Student: 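Input: one structure, supplied below.
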Amino acid sequence: MINTATDQARLLDVKKAIEQGEIGTGLDNNKTLTKTKALDLYRALMGQRKTGILRDMVAKTPANYLLVQTVTQLRQLVDDLEKEAFVALDTETTGLNVYQDEIVGLSISLPTTDYHVYIPVAHKTGKQLKRELVLEALRPMLEDPKIGKVLHNAKFDIHMLIRHGVRMRGLLHDTRIAMALLNENEPSYALKNLATKYGKYFGFQEESHTFEELFGKTRFDNVALDVALVYAAKDTHVTLGLYKWQMEHLQKRSKLQQLHRDMENALVDVCVDMEQTGLLIDRTYAAEYGEELRTEIAEAEAQLQEAFGDINFNSPAQLAKVLYDHLKLPDNNKRSTDVKTLKALQGEHDGIKALLDYRGLTKLLGTYVDALPEKIQTDGRLHGSFNQVQTVTGRFSSNDPNLQNLPPKARKLVIAPEGMLILGSDFSQIEPRILAHLSGDEHFREPYLLGQDLYSTLASQVFKVPIEECGDGTTYRKKMKIGLLAVMYGTSMFTLSQQLGISVEEAQRFIRDFFTTYPGVHAFILSVHDFVKKNEYVETIDGRKRRFPGHREQAKAYDALARKICSITMTDEVPSNFWKIQEIPRSLKEEYQKVKGPVESVRRQSVNAIIQGTAADIMKKALLQVHAYCKGKGWNLFATVHDEALMLVSEQITPVEVQELETCMLSALALDVPMKVDTELMYRWGEGVKKAEWFQRHAA
DNA sequence: TACTTAGGCCAC
DNA sequence: AAACGTGGCCTAAGTA
C-alpha cells in the first residue's frame, strides 16, 4: 500500500535526482541509483500514484454523482431534465477525430436538482444502455434551442453528436470560449487545469487531474464505470461551477459579456457548420501536379548533388557547413540558409538557384499537394479545424490542416462540387481603414472619402510628388505600402531601411514625413502607448481585450531611463547610436537596453492588437450574417481567411444575391470611412474572377 | 519510440 | 545590442 504523502515525497526526490543528475548518490536504501534504475523507479511510482489517485477518487465519489445504466434511471433523468432551464453537458469519446471516433458516454449536470450523471453507452465492461437508445431519449432535450447547454469546448461535442445524428441546439455558454475572452494569456485552457487554478472560487478546492495524467493513452471505453463516473460527472459539475463564476465576471463587464453572448457564442454554430461543410479536393489534379513536382524536384536534386555533394538538402546545418566552411561563401556571421540570405549569395555559386528551386518545390509538395489529399475523411471531404479563440487578437486560426495559409498554387486543389460555385468575398484594405477610423486623421481618411487609391494618395502626399507618378506598379506606391505596414506595426528604422533598400537616415525621414503629413495617425499611436502604460491592456471597438500584465512598471522604468539619457545627450529622443556616446554611463545604457525590448514589444503588440482585433471583430460579425443568409439559401461557408469569407453557393447565383451577400459583410460595422468588399466567383479556388466579369461572361 | 526545439516558410 | 504583428506545418536533430 502506498502512503500518498511519503509517496509524493519520494517521487519528488527521484525526479530531482534525475533532473539534477544526482545519480549514484545512494538515494534508495543506500543502494547506488543508476539513471536507468531511477527512471524505472520514477515510472513505477507514477503508475502507483495514478492508481492511488483513481482509487482515492472512486472512494470519495460524491453522493450526487450517479451512473445511468437502466431504462428506469434514464426515464427518471429525462423527467428531471424537464425541470431544468439549462444543463451542463459533455461527451466522452474513443478519441479526438470528430469524423471517425465515437461517443462512449455522456455526462449531464442538472443545476436545480443538483445531481450529476454519467451515462455510459459504449464502454467495454459494465452494465449500460445502447447509444442509440440513450440519444433518442435525450434528442428532444439536446435539439431544443430553448433548453440552454453549457459546455467546455462545445464545438467538439456538437461535432460528435452530429456524427450520431443529433444536432445540438441552444448553446448557452462555452466555458472554453469565455475563459479566452476573460484571460487571453491563460497558459492552459484544459478544463481540469482551469479547475485546479480557479476551483477555489466555485467550490473545488482540490487539484483536478487531466485525462492524460489519469489515463495516459488509454481509450475511455476501457475505463471501468466507477472510475468513469467520478471522472466524467466531475467534468460537467466543474463546467457548471466555472460557468457561474465566469458569469459573475462577465456581468461586471457588459461590453465583454455582449461580445461573448452576441458574437463568440453565436459563432460556435457557424464554426461547426463551416467545418462540417469541408472542402472538395480534386484528387486527379493533385496526383498529376504531384508527379510534375516530383520530376522537377528530382532535377533540382541532381543539380544540388553536383554542386554541394552528398548531403541532406533539407538540413540547414549540413547546408551551412558546405556553403560557409567548404565553399567559403561570405556568411556575415549569420550562417543562415534562409531565402533572403541565399538570394544575396546567388551570384556566388551556381548551386544556389537550384537550392531555392528545391526549397519552393518541396515545400509545395510536402506541405500541400501531397499532404492535403491524405487528410480527406471518409465522406470524401477535407475538414480542417477553425478555432475562434486561439489567437490573442481575436482572429481565427486554422489547423489540421491549416486552411488559412494555402499558397495560390495549393488553393487550386480545391474545387466546387457539382452544381455549385466557390464564392469569396474579402474586405478591401480593412486594417488601414480601421486606422483611418480610429485615428480620425483628416488627410488619412481623404482617399477613402474621395474614392481614391490609398497607397497612391499617401505616396503622393508623403513623397510630395504628383499623384500621376504614384500609380499602380510605381516604386512610390510600393514603398508606401511597406511604409504603412511599418507604421501600423511599429517596425524599427533598421528593418524598414532594409525592406525599402534605403539608409536608416532615409527611413527615419520617411517616417517623420509620414507623421508630419498625418499627425492624427501619430497622435493615435502615441495615445495607445500612453493608454497601455496606464491600464496594462488595450481593447478593440467591440471591447475585446489584449492584456499586458506587468507592463506599467516596465514602461515607467523605460521612460524614466530614457529621460535620464536625454538629459545627458540634450536631445528629445534617445539617439539610435547611444551605445557609442561616451558621456552616458555604461550601467545606464545596460539598464535601458534591458527594458527597451520588452516595452517596445508591448507597444507594437498593443497598436497591432487594436487594429488586427477590430478587423477580427468585423469579420466575425460578417460571418454571422453571411452564415444566416447562406442558410436561407441552402449554401454553406467553408472557410475564412482573416479578411475573407469563402462559401459554396449555387451555380445559379444572381448578381442581386451577390449584392446581398456583400451587404451582409458591409453592414457588420459602420466606420467613419466607407468599407469595401470585393467578391470573386470560381469553380476552382485560386482561379477567381471578379463578379462583374463573371456575370458578363456567364450571361452570354 | 515519441516528444521537443530550431530553422525555415506559407498565409493575412 | 537588436532590429515587425497574428498564426500553423515541415524536416532535422537531440532527448526522454
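Being a predicted model, the structure only gives us computed values, none of them experimental. Just so you know, these numbers use all the heavy atoms, side chains as well, and skip hydrogens, waters and symmetry mates. Proteins get letters first, then strands, A, B, ... in listed order; numbering begins at 1 in each.
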Student: Rounded to whole angstrom, note down the P distance from dA6(B) over to dA2(C).
Tutor: 16 Å

Student: Which label fits Phe578(A) and Tyr592(A): parallel for a plane angle under 30°, tilted from 30 to 60°, or perpendicular past 60°?
Tutor: perpendicular

Student: Angle between ring planes, Phe313(A) versus Tyr358(A), binned at 30° and 60°: parallel, tilted or perpendicular?
Tutor: perpendicular

Student: I need the NZ-C1' distance between Lys343(A) and dG8(B), as an integer number of Å.
Tutor: 14 Å

Student: I need the CD-P distance between Glu600(A) and dG5(C), as an integer number of Å.
Tutor: 11 Å

Student: Between atom NE2 in His642(A) and atom C1' in dG5(C), what is the gap in whole Å?
Tutor: 12 Å

Student: Any sub-3.5 Å donor-acceptor pair from Glu275(A)'s side-chain atoms to Phe386(A)'s backbone N or O?
Tutor: yes

Student: Quick one: the side chain of Lys363(A) and the base of dC9(B), do they pair up donor-acceptor inside 3.5 Å?
Tutor: yes

Student: Without decimals, in angstroms, what is the distance between Glu184(A) CD and dT6(C) C1'?
Tutor: 13 Å

Student: Starting at CG of Asp643(A) and ending at P of dG7(C), how long is that distance when rounded to a whole Å?
Tutor: 17 Å

Student: Using the P atom as the point on both nucleotides, what is the distance between dA1(C) and dG8(B), in whole Å?
Tutor: 22 Å

Student: Taking CG from Asp370(A) and P from dC9(C), how many angstroms apart are they, rounded to a whole number?
Tutor: 17 Å

Student: Round to the nearest Å and state the distance from Leu413(A) atom CG to dA11(B) atom P.
Tutor: 14 Å

Student: Have a look at Arg395(A) and say if it touches a base, only the backbone sugar-phosphate, or nothing, with a 4.0 Å heavy-atom cut-off.
Tutor: base

Student: Would you please indicate if the ring centroids of Phe548(A) and Tyr537(A) are separated by under 6.0 Å?
Tutor: no

Student: Under 4.0 Å between any heavy atoms, over every strand shown, what does Glu644(A) touch: base, sugar-phosphate, or nothing? Just pick one.
Tutor: nothing

